[in-house]
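Working notes, structure below.
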Amino acid sequence: DAKTTQPPSMDCAEGRAANLPCNHSTISGNEYVYWYRQIHSQGPQYIIHGLKNNETNEMASLIITEDRKSSTLILPHATLRDTAVYYCIVRVAVGNAGNMLTFGGGTRLMVKP
Amino acid sequence: EAGVTQSPTHLIKTRGQQATLRCSPISGHTSVYWYQQALGLGLQFLLWYDEGEERNRGNFPPRFSGRQFPNYSSELNVNALELEDSALYLCASSPDVHNEQFFGPGTRLTVL
């Protein structure tokens, strides 16, 4: 799976949009971009994933650049409960290697009042 | 719909003992994954079970083992516990290998 690079930490004001970047310059054509988050001492929570088109769900939006070498997770109106470590993961969605996720260091997002 | 459940929530053992951790996947999910999150080391993949078979394992010694039962629940066994095994052990399930994983709350294992 391709390696990802994320800033170690970010701050965001409550109610504002949080934009979390991720670089994945070695991504392959069949690799998806996944985002998970982990609130302190809890299990990671799936947020969103995409291949090449931008995606949106009830939690967030995922913007993938046209060359697919980077992406941005957008939390449109951050709340204090969004304070967590956010992981950007790139992996192949099919194959005998299985579905296991390779977690990097992630970005620690601190939402402040 | 009930999520992934794990038991026990906390487990305290001493060096050399064995620990057994349990995981119940979301109903209908056939794949179960185990991860270890040790302090300062991040989440690391341990084992993957699908349809009762071990499909892949991470870079862990053989004293980490497990199994998946016919109802798709799973056990993780850690033999000859070492202090470095102290960690949060997370279980995840997915409906098949192509889909996202849903994580349980974890079991915190402390080895004294």
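Lettering of chains follows the sequences in order, A, B, ..., and the numbering in each one begins at 1. Hydrogens, waters and symmetry mates play no part in the numbers below; they use all other heavy atoms, side chains included.
The cluster map of Ile, Leu, Val, Met, Phe, Trp and Tyr, joined by side-chain heavy atoms under 4.5 Å apart, puts B:L112 and B:L83 in different clusters. Tracing side-chain contacts under 4.5 Å through hydrophobic residues (I, L, V, M, F, W, Y), one never reaches B:Y33 starting from B:F60; they form parts of separate clusters. Under a hydrophobic-cluster definition in which Ile, Leu, Val, Met, Phe, Trp and Tyr are linked whenever side-chain heavy atoms come within less than 4.5 Å, directly or via other members, B:Y35 and B:L109 are assigned to different clusters. Hydrophobic clustering keeps B:W34 apart from B:L88 (ILVMFWY residues linked when any side-chain heavy atoms are closer than 4.5 Å, directly or through intermediates).
Heavy atoms of B:L43 lying under 4.5 Å from chain A belong to its backbone as well as its side chain. Only the side chain of B:Q37 comes within less than 4.5 Å of a heavy atom of chain A; its backbone N, CA, C and O stay farther away.
The number of heavy atoms from other shown groups lying within 6.0 Å of CZ (B:R15) does not exceed 12.
Taking 4.5 Å as the limit, every side-chain heavy atom of B:Q101 sits out of range of all side-chain heavy atoms of A:P44.
Rounding to the nearest 0.5 Å gives a distance of 10.5 Å between CG of A:L101 and CD of B:E100. We find the CG-CZ distance between B:L90 and A:F103 to be 8.5 Å, quoted to the nearest 0.5 Å.
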